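Heads up, the thing below is written out as structure tokens.
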Amino acid sequence: MSSLKNKKILLGITGSIAAYKTAFLTRILIKAGAEVKVIMTEAATHFITPLTLATLSKSDVFEEVSSGSNWNNHVELGLWADAMIIAPLTATSMAKMANAICDNMVVAVYLSARCPVFFAPAMDLDMWAHPANQTNLQKLLSYGNRLIPVGHGELASGLSGAGRMAEPEDIVAQLSQYFERTDVVGESSTFLEGKRVLITAGPTYEAIDPVRFIGNRSSGKMGVALAEAALRHGAEVCLILGPSRLSPKYENLELVRVESAQEMYEAAVQHFHESDIAILAAAVADYRPKDVADEKIKKKSENLILELVKNPDIAAELGRVKRPEQLTIGFALETQNEEANAQAKLAKKNFDLIVLNSLKNEGAGFNHDTNQISIIGKDNKKQDFELKSKKSVAFDIIQAIIELSKKKKVDE
Ligand code: CTP
């Protein structure tokens with residue numbers, strides 16, 4: 001159950017006698033450390049009171065899209081959640097969800113939610129078996145919603161058969177299993193099927209002589225996590241990796257090992273023309289020694305002066321040559337004026353999105369397993385994320401890229 005700790009759960013309740021069980025459901029979720037916000041249809045309030053659920057969830061209960069002069073923001077609620085569970089789900093509400101009939105707060109939030117949606121139907125056996133309900137069920141599943149199967153047994157009507165809402169413990173176990181899986185490997189989908197994603201990652205080493213180099217502390221972890229997340233969403237990935245200890249091996253992953261910024265530049269330019277998306281996550285050295293000594297430099301004088309020359313800017317070059325349908329995503333690691341500097345980089349390098357991580361945030365940046373980011377778009381809109389594992393951050397970044405490509409498709 002620890003996978004539910006700090007998870008934000010929306011509980012949508014519709015008007016069935018099984019609604020009384022949502023008091024237990026809320027209690028178990030809260031006990032497992034989740035944050036719960038409850039949304040009810042008017043019909044649901046006849047079976048269990050909002051006061052009971054507000055007390056158990058320690059939060060206001062939402063019933064109306066607007067109440068008095070307040071507008072309850074269904075979009076905000078939809079964006080807030082890590083998962084939504086609609087339990088019990090009646091035949092009427094299932095039909096509304098299947099057909100976007102948005103006449104109550106539960107359906108409004110459901111239609112706005114970006115998170116996975118689970119639903120636990122509750123019906124009498126003949127209602128549940130009716131082809132109209134089975135058709136709506138198939139529709140909900142085809143939209144990617146997740147069914148928590150109905151149970152068999154005695155029903156409120158006195159009849160016995162399939163149609164009972166799953167028990168609260170079973171619903172929580174399924175949610176918990178879902179988070180256990182996604183916390184480790186992330187969400188998977190086919191959104192990037194047929195797309196080629198190019199990723200630069202890791203540090204670069206700039207040779208001084210045959211044994212020495214100028215390098216940086218990048219581990220390559222963020223780039224490898226991005227490659228894994230893109231693969232999980234069905235992409236083919238070309239990972240151009242500087243000298244990192246990591247050596248990922250996956251189906252559909254082409255790993256190109258490079259050492260210097262110049263080598264990374266050449267590999268990136270070569271692979272970019274066949275890529276749909278490029279994510280520039282490498283910590284590329286801005287300068288390299290002008291001359292590389294053929295032999296190990298001997299210790300002679302008190303001071304040694306190295307002349308450095310500028311390396312090519314990979315991101316700027318890809319931004320310059322990119323075709324309208326290609327997307328480039330950059331990173332900005334800043335220590336001051338973070339947002340303004342990131343926005344300037346986004347414009348200068350012609351990125352579609354820039355991921356900002358501030359070294360001021362504890363646990364973020366090089367060599368940590370965690371990272372805290374904001375994602376800024378061309379419209380300068382900023383989305384802030386919490387401190388998370390790099391794996392989880394990678395999924396947020398890939399999700400933002402998927403949203404952007406969907407939007408681009410609609411605009412075209
Ligand atoms: N980048 C790149 N090639 C370079 C330098 C940077 O592809 N030669 C990419 C990085 O991978 C990152 C973005 O550009 O996605 C911004 O990198 P950063 O080092 O923050 O920017 P710089 O342009 O080097 O600016 P500065 O060091 O002055 O902050």
Side-chain angles (χ1 to χ4, degrees), residues 197-207 213-227 229-230 237-244 256 258-273 275 277-290 308-322 326-361 364-367 371-378 390 393-394 396-398 400-401 404:
V197 179
L198 171 71
I199 301 173
T200 66
T204 64
Y205 285 179
E206 309 301 324
F213 60 82
I214 298 174
N216 61 62
R217 296 184 198 281
S218 166
S219 60
K221 281 180 189 165
M222 193 64 242
V224 170
L226 282 162
V237 177
C238 172
L239 176 65
I240 303 176
L241 184 60
S244 149
V256 180
V258 293
E259 189 157 297
S260 65
Q262 184 63 34
E263 284 172 15
M264 190 176 272
Y265 173 83
E266 284 163 21
V269 169
Q270 188 201 330
H271 286 88
F272 185 56
H273 70 271
S275 303
I277 296 161
I279 309 175
L280 291 310
V284 187
D286 288 331
Y287 295 92
R288 66 177 184 275
K290 181 163 179 255
L308 303 178
V309 292
K310 235 184 190 169
N311 270 327
D313 191 317
I314 305 166
E317 177 58 14
L318 302 192
R320 191 182 69 79
V321 301
K322 82 173 162 192
Q326 288 177 303
L327 295 177
T328 56
I329 293 87
F331 276 74
L333 185 69
E334 305 291 339
T335 54
Q336 54 185 351
N337 302 328
E338 290 96 346
E339 209 173 316
N341 282 338
Q343 283 168 357
K345 263 177 207 170
L346 176 121
K348 195 169 131 210
K349 305 199 188 197
N350 194 18
F351 288 135
D352 296 277
L353 292 175
I354 193 155
V355 181
L356 166 65
N357 40 38
S358 163
L359 279 183
K360 281 186 187 157
N361 294 330
F366 288 171
N367 265 324
N371 206 355
Q372 184 167 19
I373 60 153
S374 303
I375 301 181
I376 304 175
K378 278 196 159 173
K390 283 191 175 167
V393 168
D396 290 337
I397 295 171
I398 296 294
I401 297 172
L404 184 65

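When a ligand or atom number is given, it counts from 1 through the structure's own listing order. Note that the coordinates shown come from a computational prediction; the quantities given were computed from them, not determined experimentally.
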Based purely on interatomic distance, does [X] place a nitrogen or oxygen under 3.5 Å from a nitrogen or oxygen of ligand 1?
X    : answer
F331 : yes
A315 : yes
A282 : yes
A281 : no

Would you find a donor on one side and an acceptor on the other, under 3.5 Å apart, between the side chain of [X] and the backbone of [Y]?
X    : Y    : value
E259 : P243 : no
N341 : Q336 : yes
E317 : A268 : no

Given K348, K345, E334, which one has a non-hydrogen atom that is nearest to atom 18 (P) of ligand 1?
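Looking at heavy atoms only, K345 sits closest to atom 18 (P) of ligand 1.
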
Considering only heavy atoms, which of L280, T335, N216, L356 lies nearest to atom 15 (O) of ligand 1?
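Result: the heavy atom closest to atom 15 (O) of ligand 1 is in L280.
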
Would you say D286 and K310 make side-chain contact, with heavy atoms under 4.5 Å?
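A side-chain contact under 4.5 Å is absent here.
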
Which ligand 1 atoms are under 4.0 Å away from a heavy-atom of G330?
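Those atoms are 15 (O).
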
Show the atoms of ligand 1 that are less than 4.0 angstrom away from any heavy atom in D286.
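Numbered from 1, ligand 1 contributes 5 (C), 24 (O), 27 (O).
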
Are side-chain N/O atoms of T204 and E206 paired as donor and acceptor at under 3.5 Å?
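A donor-acceptor contact under 3.5 Å links the two side chains.
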
Regarding E266 and Q262, do their side chains bring together a donor and an acceptor under 3.5 Å, going by distance alone?
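The answer is yes; a qualifying pair exists.
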
Per-residue contact class, A261 against ligand 1 - non-hydrogen pairs under 4.0 Å:
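Neither; nothing of A261 gets under 4.0 Å from ligand 1.
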
Which part of N311 is near ligand 1, with near meaning a heavy atom under 4.0 Å away: side chain, backbone, both or neither?
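No part of N311 is near ligand 1 at this cut-off.
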
Is atom 28 (O) of ligand 1 less than 4.0 angstrom from some protein heavy atom?
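No.
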
D313 and salt bridge (Lys or Arg N to Asp or Glu O under 4.0 Å): which partner among K349, K345, K348?
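Going through K349, K345, K348 one by one, the salt bridge (Lys or Arg N to Asp or Glu O under 4.0 Å) with D313 is satisfied by K349 alone.
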
